[in-house]
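Structure, as C-alpha coordinates:
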Amino acid sequence: QVQLTESGGGLVQAGGSLRRACAASGRTCSSYHIGWVRQAPGKGREFVAVISRTSDYTYYVGSVRGRFTISRDNAKNTVWLQMNSLKLEDTAVYYCAADPSIVVPTNTQQYNYWGQGTQVTVSS
(Lines give C-alpha, C1' and ligand atoms only; values in the text may rest on other atoms or scores of the structure.)
Protein backbone atom coordinates (compact mmCIF):
# COMPACT_ATOMS: atom_id res chain seq x y z
CA GLN A 1 0.00 0.00 0.00
CA VAL A 2 1.00 3.64 -0.33
CA GLN A 3 1.96 6.11 2.41
CA LEU A 4 1.26 9.80 1.86
CA THR A 5 3.00 12.77 3.46
CA GLU A 6 1.88 16.37 2.91
CA SER A 7 4.03 19.47 3.17
CA GLY A 8 3.77 23.14 2.30
CA GLY A 9 0.96 24.26 4.55
CA GLY A 10 1.01 27.40 6.63
CA LEU A 11 -0.33 30.90 7.02
CA VAL A 12 -0.96 33.22 4.09
CA GLN A 13 -2.84 36.46 3.54
CA ALA A 14 -5.97 36.55 1.43
CA GLY A 15 -5.06 36.85 -2.23
CA GLY A 16 -1.78 35.08 -1.71
CA SER A 17 -0.52 31.70 -2.88
CA LEU A 18 0.67 28.44 -1.42
CA ARG A 19 2.01 25.26 -3.00
CA ARG A 20 1.21 22.00 -1.28
CA ALA A 21 3.15 18.81 -1.92
CA CYS A 22 2.13 15.20 -1.34
CA ALA A 23 4.96 12.68 -1.34
CA ALA A 24 4.09 9.03 -1.86
CA SER A 25 6.15 6.13 -0.56
CA GLY A 26 5.69 2.38 -0.48
CA ARG A 27 3.84 1.27 -3.57
CA THR A 28 4.57 3.37 -6.65
CA CYS A 29 2.63 6.61 -6.97
CA SER A 30 1.68 5.85 -10.58
CA SER A 31 -0.67 3.10 -9.39
CA TYR A 32 -3.01 5.64 -7.80
CA HIS A 33 -5.26 8.50 -8.63
CA ILE A 34 -4.31 11.24 -6.15
CA GLY A 35 -6.69 13.81 -4.75
CA TRP A 36 -6.84 16.65 -2.24
CA VAL A 37 -9.56 16.89 0.38
CA ARG A 38 -10.02 19.62 2.99
CA GLN A 39 -11.84 19.98 6.26
CA ALA A 40 -12.72 23.42 7.56
CA PRO A 41 -13.37 23.99 11.28
CA GLY A 42 -16.72 22.54 12.30
CA LYS A 43 -17.42 21.10 8.85
CA GLY A 44 -17.12 17.74 7.13
CA ARG A 45 -14.47 16.77 4.64
CA GLU A 46 -14.80 18.37 1.21
CA PHE A 47 -13.34 17.07 -2.04
CA VAL A 48 -11.08 19.70 -3.66
CA ALA A 49 -9.27 18.24 -6.68
CA VAL A 50 -8.04 15.02 -8.23
CA ILE A 51 -5.51 13.99 -10.87
CA SER A 52 -5.56 10.64 -12.64
CA ARG A 53 -2.64 8.20 -12.66
CA THR A 54 -1.25 9.45 -15.96
CA SER A 55 -2.25 13.12 -15.53
CA ASP A 56 -4.68 12.92 -18.45
CA TYR A 57 -7.65 13.91 -16.29
CA THR A 58 -8.09 16.50 -13.58
CA TYR A 59 -11.22 17.64 -11.79
CA TYR A 60 -11.89 20.45 -9.32
CA VAL A 61 -14.71 21.42 -7.02
CA GLY A 62 -16.38 24.56 -8.32
CA SER A 63 -15.22 26.82 -5.48
CA VAL A 64 -11.53 26.37 -6.40
CA ARG A 65 -11.75 25.95 -10.17
CA GLY A 66 -9.58 28.54 -11.88
CA ARG A 67 -7.61 29.26 -8.68
CA PHE A 68 -6.11 25.86 -7.80
CA THR A 69 -4.04 23.60 -10.03
CA ILE A 70 -3.20 19.97 -9.34
CA SER A 71 -0.21 18.31 -10.99
CA ARG A 72 2.04 15.29 -10.52
CA ASP A 73 5.41 13.84 -11.40
CA ASN A 74 5.34 10.05 -11.06
CA ALA A 75 9.11 9.82 -11.38
CA LYS A 76 9.35 11.90 -8.20
CA ASN A 77 6.35 10.19 -6.55
CA THR A 78 4.94 13.63 -5.82
CA VAL A 79 1.66 15.45 -6.40
CA TRP A 80 1.31 19.21 -5.99
CA LEU A 81 -1.58 21.55 -5.35
CA GLN A 82 -0.87 25.12 -6.39
CA MET A 83 -3.32 27.40 -4.62
CA ASN A 84 -3.63 30.97 -5.91
CA SER A 85 -5.93 33.87 -5.04
CA LEU A 86 -6.58 32.31 -1.65
CA LYS A 87 -9.73 33.28 0.21
CA LEU A 88 -10.63 33.20 3.88
CA GLU A 89 -12.95 30.28 3.17
CA ASP A 90 -10.02 28.20 1.94
CA THR A 91 -8.84 27.90 5.55
CA ALA A 92 -8.86 24.18 6.42
CA VAL A 93 -6.81 21.11 7.11
CA TYR A 94 -5.79 19.77 3.71
CA TYR A 95 -5.29 16.06 3.14
CA CYS A 96 -3.93 14.23 0.14
CA ALA A 97 -5.56 10.90 -0.59
CA ALA A 98 -5.03 8.03 -2.99
CA ASP A 99 -7.15 5.40 -4.65
CA PRO A 100 -6.21 2.55 -7.01
CA SER A 101 -9.64 2.05 -8.58
CA ILE A 102 -10.37 2.28 -12.28
CA VAL A 103 -12.75 5.20 -11.79
CA VAL A 104 -11.16 8.54 -10.88
CA PRO A 105 -12.56 9.41 -7.44
CA THR A 106 -14.36 12.74 -7.09
CA ASN A 107 -15.81 12.38 -3.61
CA THR A 108 -14.17 11.79 -0.26
CA GLN A 109 -15.74 8.37 0.38
CA GLN A 110 -13.94 6.83 -2.59
CA TYR A 111 -10.42 7.24 -1.23
CA ASN A 112 -8.68 4.39 0.57
CA TYR A 113 -5.37 5.96 1.65
CA TRP A 114 -4.87 9.25 3.44
CA GLY A 115 -2.07 11.52 4.52
CA GLN A 116 -1.97 13.03 8.00
CA GLY A 117 -3.26 16.44 6.92
CA THR A 118 -1.70 19.86 7.38
CA GLN A 119 -3.23 23.22 8.21
CA VAL A 120 -3.68 26.04 5.71
CA THR A 121 -4.81 29.32 7.27
CA VAL A 122 -5.80 32.31 5.16
CA SER A 123 -5.88 35.60 7.05
CA SER A 124 -7.45 38.94 6.14
Side-chain angles (χ1 to χ4, degrees):
Q1 65 181 37
V2 65
Q3 291 81 42
L4 304 172
T5 305
E6 301 100 341
S7 61
L11 175 65
V12 64
Q13 285 191 321
S17 297
L18 278 176
R19 192 187 195 203
R20 307 295 320 285
C22 174
S25 60
R27 193 173 175 187
T28 179
C29 179
S30 61
S31 298
Y32 299 87
H33 308 302
I34 305 289
W36 289 92
V37 172
R38 66 186 179 185
Q39 187 166 18
K43 296 186 177 180
R45 290 188 176 181
E46 177 190 31
F47 167 84
V48 175
V50 65
I51 187 165
S52 62
R53 294 185 189 87
T54 57
S55 303
D56 59 342
Y57 178 79
T58 58
Y59 182 79
Y60 302 87
V61 68
S63 59
V64 309
R65 197 169 293 139
R67 300 189 296 122
F68 291 11
T69 302
I70 190 169
S71 60
R72 69 190 293 165
D73 184 336
N74 287 337
K76 296 181 179 179
N77 284 324
T78 303
V79 173
W80 295 274
L81 185 69
Q82 178 68 42
M83 304 187 292
N84 298 330
S85 302
L86 282 160
K87 303 177 180 180
L88 297 179
E89 53 264 40
D90 294 319
T91 295
V93 175
Y94 282 72
Y95 302 85
C96 67
D99 189 79
S101 303
I102 295 174
V103 176
V104 179
T106 58
N107 68 69
T108 60
Q109 289 79 19
Q110 292 175 287
Y111 289 94
N112 287 296
Y113 304 100
W114 294 81
Q116 81 282 3
T118 54
Q119 179 71 42
V120 171
T121 302
V122 183
S123 65
S124 59

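By convention here, the first residue in the shown sequence is residue 1. Source: prediction; values computed, not measured.
- Residues in residues 36-73 take part in no disulfide bond (SG atoms under 2.5 Å apart) pair, two or more places apart or across chains.
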Determine all donor-acceptor pairs shorter than 3.5 Å in which one atom belongs to a side chain in residues 34-44; sequence neighbours excluded.
unit_1, atom_1, unit_2, atom_2, d
R38, NE, E46, OE1, 2.7
R38, NH1, D90, OD1, 2.9
R38, NH1, Y94, OH, 2.9
R38, NH2, E46, OE1, 3.2
R38, NH2, S63, OG, 3.4
Q39, NE2, K43, O, 3.0

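- Put simply, the side chain of T78 never gets that close to the backbone of A23: no donor and acceptor are under 3.5 Å apart.
- Rounding to the nearest 0.5 Å places OH of Y111 at 5.0 Å from CZ of F47.
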Assess whether side chain to side chain contact (heavy atoms under 4.5 Å, CB included) is satisfied between L11 and Q119, documenting all intermediate values.
-> CA-CA 8 Å; L11 175 65; Q119 179 71 42; over 6 Å; no
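- Within the model, atoms CG of D99 and OG of S31 stand 11.5 Å from one another, a figure rounded to the nearest 0.5 Å.
- The structure places SG of C96 at 13.0 Å from CD1 of I51, a figure rounded to the nearest 0.5 Å.
- Under the 3.5 Å distance criterion, the side-chain polar atoms of Y60 are left unmatched by any main-chain donor or acceptor of R67.
- Rounded to the nearest 0.5 Å, atoms OG (S71) and CG (L81) are 8.5 Å apart.
- Pairs of residues two or more places apart, or lying in two chains, never qualify as salt bridge (charged side-chain N to carboxylate O under 4.0 Å, His left out) while including a residue from residues 6-25.
- Note on W80 and F68: separate hydrophobic clusters, where clusters join Ile, Leu, Val, Met, Phe, Trp and Tyr whose side-chain heavy atoms are under 4.5 Å apart, directly or indirectly.
- What you find for A98 and L4 is that their closest heavy atoms are N-CD1, 3.7 Å.
- Residue pairs meeting the disulfide bond (SG atoms under 2.5 Å apart) criterion with at least one partner in residues 56-91, sequence neighbours excluded, do not occur; the list is empty.
- Other residues, nucleotides and ligands place more than 12 heavy atoms under 6.0 Å from the CD atom of E89.
- Using a distance-only test at 3.5 Å, with no hydrogens or angles considered, a donor-acceptor pair links the side chain of R72 to the main chain of S52.
- Contacts classified as disulfide bond (SG atoms under 2.5 Å apart) and involving residues 24-85 (residues at least two apart or in different chains) are not found.
- A distance of 8.5 Å separates CD of Q82 from CG of L18, quoted to the nearest 0.5 Å.
- Of all the heavy atoms in P100 and N112, the pair that sits closest is CD-ND2, 3.9 Å.
- Contact of the W114 side chain with the R45 side chain is registered, since non-hydrogen atoms from C-beta on lie closer than 4.5 Å.
- The side-chain heavy atoms of S25 and T5, taken from C-beta on, include no pair separated by under 4.5 Å.
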Check: residues 102-109 side-chain donor-acceptor pairs under 3.5 Å, at least two apart:
unit_1, atom_1, unit_2, atom_2, d
N107, OD1, Q109, N, 3.1
N107, OD1, Q110, N, 3.4
N107, ND2, Q110, OE1, 3.0

